[in-house]
Enquirer: 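Following this message is one structure expressed as structure tokens.
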Amino acid sequence: MTTIATRLQTVKSHIAEAARNAGRRPEDILLLAASKTNPPEKVREAWEAGQTVFGENYLQEGLIKIRALADLPIEWHFIGPIQSNKTKPIAENFAWAHSVDREKIAVRLSNARPESLPPLQVCVQVNVSGEVTKSGIAPEQAAELAAFVNQLPRLKLRGLMAVPELTSATALQREQFQIMWQIFEQLKKDGFDIDTLSMGMSEDMDIAIAEGATIVRIGTAIFGPRRYAIPEELAPRQ
Ligand SMILES: *Cc1c(COP(=O)(O)O)cnc(C)c1O
């Protein structure tokens with residue numbers, strides 16, 4: 001087996017074990033491979049090892065891979081910050097956007113979603129750690145944005161996404177995931193038809209799964225360490 005195939009197997013067993021430890025079913029947790037900085041050949045390798053869902057952070061880099069791998073029925077998710085001038089190509093090329101964090105972006109994505117495609121599957125990104133550098137809406141405003149997304153014709157609200165602050169303090173880490181779970185549960189109680197809590201990365205997937213994640217976004221543990229930065233011409237301009 002290739003290294004990627006081996007790592008993928010390890011990650012899957014890891015997810016299954018974390019699920020069982022939490023009294024959950026492994027099949028209720030979707031593995032999204034976060035492929036940023038990895039070239040199309042590596043994505044193809046992961047595909048050949050059975051991985052079908054991939055997430056990209058940077059539009060230009062993502063589009064290059066989507067085109068290079070157009071022969072594969074990959075489900076592409078956009079998981080990076082969304083700039084308003086990039087909404088059209090995101091709406092045209094991705095099945096999901098996890099990182100919707102304001103009304104303007106939601107409207108633009110809905111307007112640009114082609115009629116020939118099913119609605120864009122959307123998560124509202126919550127800045128659960130409150131870090132100023134992080135994207136996402138404040139936890140107390142998440143319900144309002146969710147309601148707004150929910151009434152847009154070409155978007156399908158699936159749930160919430162977060163990138164909690166990575167800390168070695170397990171209790172703090174857990175608390176952030178628990179806040180996400182509480183917002184998620186409250187939305188369901190309020191009648192939202194949602195099923196997705198997108199949280200957990202290579203370093204914190206165990207806690208995320210224990211606290212209710214339904215999608216984990218895993219990069220390093222599948223592809224290995226990111227050795228090189230995004231080429232400058234592909235990096236998002238702020
Ligand atoms: C890079 C990235 C991941 C994966 O991170 P790893 O630590 O490499 O597993 C997940 N989610 C987002 C939003 C990312 O940017």
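Whatever order the structure lists them in is the order used to number ligands and atoms, beginning at 1. Computed from a predicted model, the values in this text were never measured in an experiment.
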Enquirer: Just jot down the salt bridge (charged side-chain N to carboxylate O under 4.0 Å, His left out) partners of Glu185, sequence neighbours excluded, or say none.
Expert: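 Listed in chain order: Lys188.
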Enquirer: List, one per line, each side-chain donor-acceptor pair under 3.5 Å for residues 115-125, sequence neighbours excluded.
Expert:
from	atom 1	to	atom 2	distance (Å)
Gln121	OE1	Arg158	NH1	2.8
Gln121	NE2	Pro119	O	2.8

Enquirer: For Val100 and Leu109, work out which heavy atoms get closest and say how close.
Expert: CG2-CD1, 3.7 Å
Enquirer: Who are the ring-ring contact (aromatic ring centres under 6.0 Å, His included) partners of Phe78, not counting sequence neighbours?
Expert: Phe94
Enquirer: What does the N/O contact table under 3.5 Å look like for ligand 1?
Expert:
from	atom 1	to	atom 2	distance (Å)
ligand 1	8 (O)	Thr220	N	2.8
ligand 1	8 (O)	Thr220	OG1	2.5
ligand 1	8 (O)	Arg226	NH1	2.8
ligand 1	8 (O)	Arg226	NH2	3.3
ligand 1	9 (O)	Ser202	N	3.0
ligand 1	9 (O)	Ser202	OG	2.5
ligand 1	9 (O)	Gly219	N	2.8
ligand 1	11 (N)	Arg217	NE	2.9
ligand 1	15 (O)	Lys36	NZ	2.7
ligand 1	15 (O)	Asn57	ND2	2.6

Enquirer: Check the surroundings of atom NZ in Lys12: do more than 12 heavy atoms from other residues, nucleotides or ligands lie under 6.0 Å from it?
Expert: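 Above 12, so yes.
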Enquirer: May I ask you to check whether Glu56 and Ser35 show a side-chain donor-acceptor distance below 3.5 Å?
Expert: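 Yes, side-chain donor-acceptor contact under 3.5 Å.
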